[in-house]
Amino acid sequence: MTGTAAELINKLCASCDANAQPLAKSEVQALTAIVPEWKLSDTGRSIRREWRVKDFPTALDFFNRIGKIADAEDHHPDLHLVNYREVAIELWTHAANGLTENDFIMAAKIDQLPVELKK
């Protein structure tokens, strides 16, 4: 299992199929510690991070940059934008109906994207 954010960033998301299995709770806890800005959902099946960005164009640009990573990794998050600058990203592996290492790889890669926040 991966030990640092840098190690996650350097990995590629693995292809998932209908037999994909979610990570064990201990693995989820270890990986969540590596991306501490991401919070585990109440169900334990997804992670989420929120930002309050500068403005609407900043939010859209951020989503577009996330989209490029998601397409390259073939692992697509749920993107939420409310009140024109409140951004939330949710990750989970649909095929596994829970969290896989792919979600933490994506979280670490998203964390590397600069975004201007509301001051």
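When a residue number appears, it is its place in the shown sequence, counting from 1.
- Contact record, Glu50 with Ala88: CG-CB, 3.9 Å, taken as the closest heavy-atom pair.
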Stepwise, does the side chain to side chain contact (heavy atoms under 4.5 Å, CB included) test hold for Arg65 with Val115? CA-CA 10 Å; Arg65 291 183 292 127; Val115 63; 4.2 Å; yes
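- The shortest non-hydrogen separation linking Thr93 to Cys16 is CG2-SG, 3.7 Å.
- Hydrophobic clustering keeps Ile66 apart from Leu12 (ILVMFWY residues linked when any side-chain heavy atoms are closer than 4.5 Å, directly or through intermediates).
- In terms of heavy atoms, Ala96 sits closest to Pro22 at O-CD, 3.5 Å.
- Nearest heavy-atom pair, His80 versus Phe63, reported as atom, atom and distance to 0.1 Å: O-CZ, 3.3 Å.
- Ile47 CD1 to Leu40 CG: the interatomic distance, rounded to the nearest 0.5 Å, is 8.0 Å.
- For the atom pair Ile69 CD1 and Cys13 SG, the distance stands at 10.0 Å (nearest 0.5 Å).
- The distance from atom CG of Asn10 to atom OG1 of Thr4, rounded to the nearest 0.5 Å, is 8.0 Å.
- Between atom CG of residue Leu8 and atom CG of residue Asp103 there is a gap of 11.0 Å, rounded to the nearest 0.5 Å.
- Looking at heavy atoms from C-beta onward, Arg52 lies in side-chain contact with Arg85 at the 4.5 angstrom threshold.
- A heavy-atom distance below 4.5 Å is found between the side chains of Ile89 and Leu79.
- Grouping the Ile, Leu, Val, Met, Phe, Trp and Tyr side chains by contacts below 4.5 angstrom, directly or via other members, places Met106 apart from Ile9.
- In this structure, Asp71 contributes its side chain and Lys68 its backbone to no donor-acceptor pair below 3.5 Å.
- Two residues are said to be in side-chain contact when any heavy atoms from C-beta on lie closer than 4.5 Å; Asp111 and Arg49 meet this criterion.
- Here the CD-CG distance, from Gln21 to Asn97, works out to 10.5 Å after rounding to the nearest 0.5 Å.
- In this structure, Glu90 contributes its side chain and Asp78 its backbone to no donor-acceptor pair below 3.5 Å.
- The two residues Ala59 and Leu81 come nearest to each other via the heavy atoms CB-CD1, 3.7 Å.
- If you take CH2 on Trp38 and OG1 on Thr32, they are separated by 11.0 Å, rounding to the nearest 0.5 Å.
- Across Leu99 and Ser46, no two heavy atoms sit closer than the pair CD2-CA, 3.8 Å.
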side-chain hydrogen bond (donor to acceptor under 3.5 Å, both in side chains) between Asp61 and Thr58, worked out: CA-CA 5 Å; Asp61 175 66; Thr58 300; over 6 Å; no
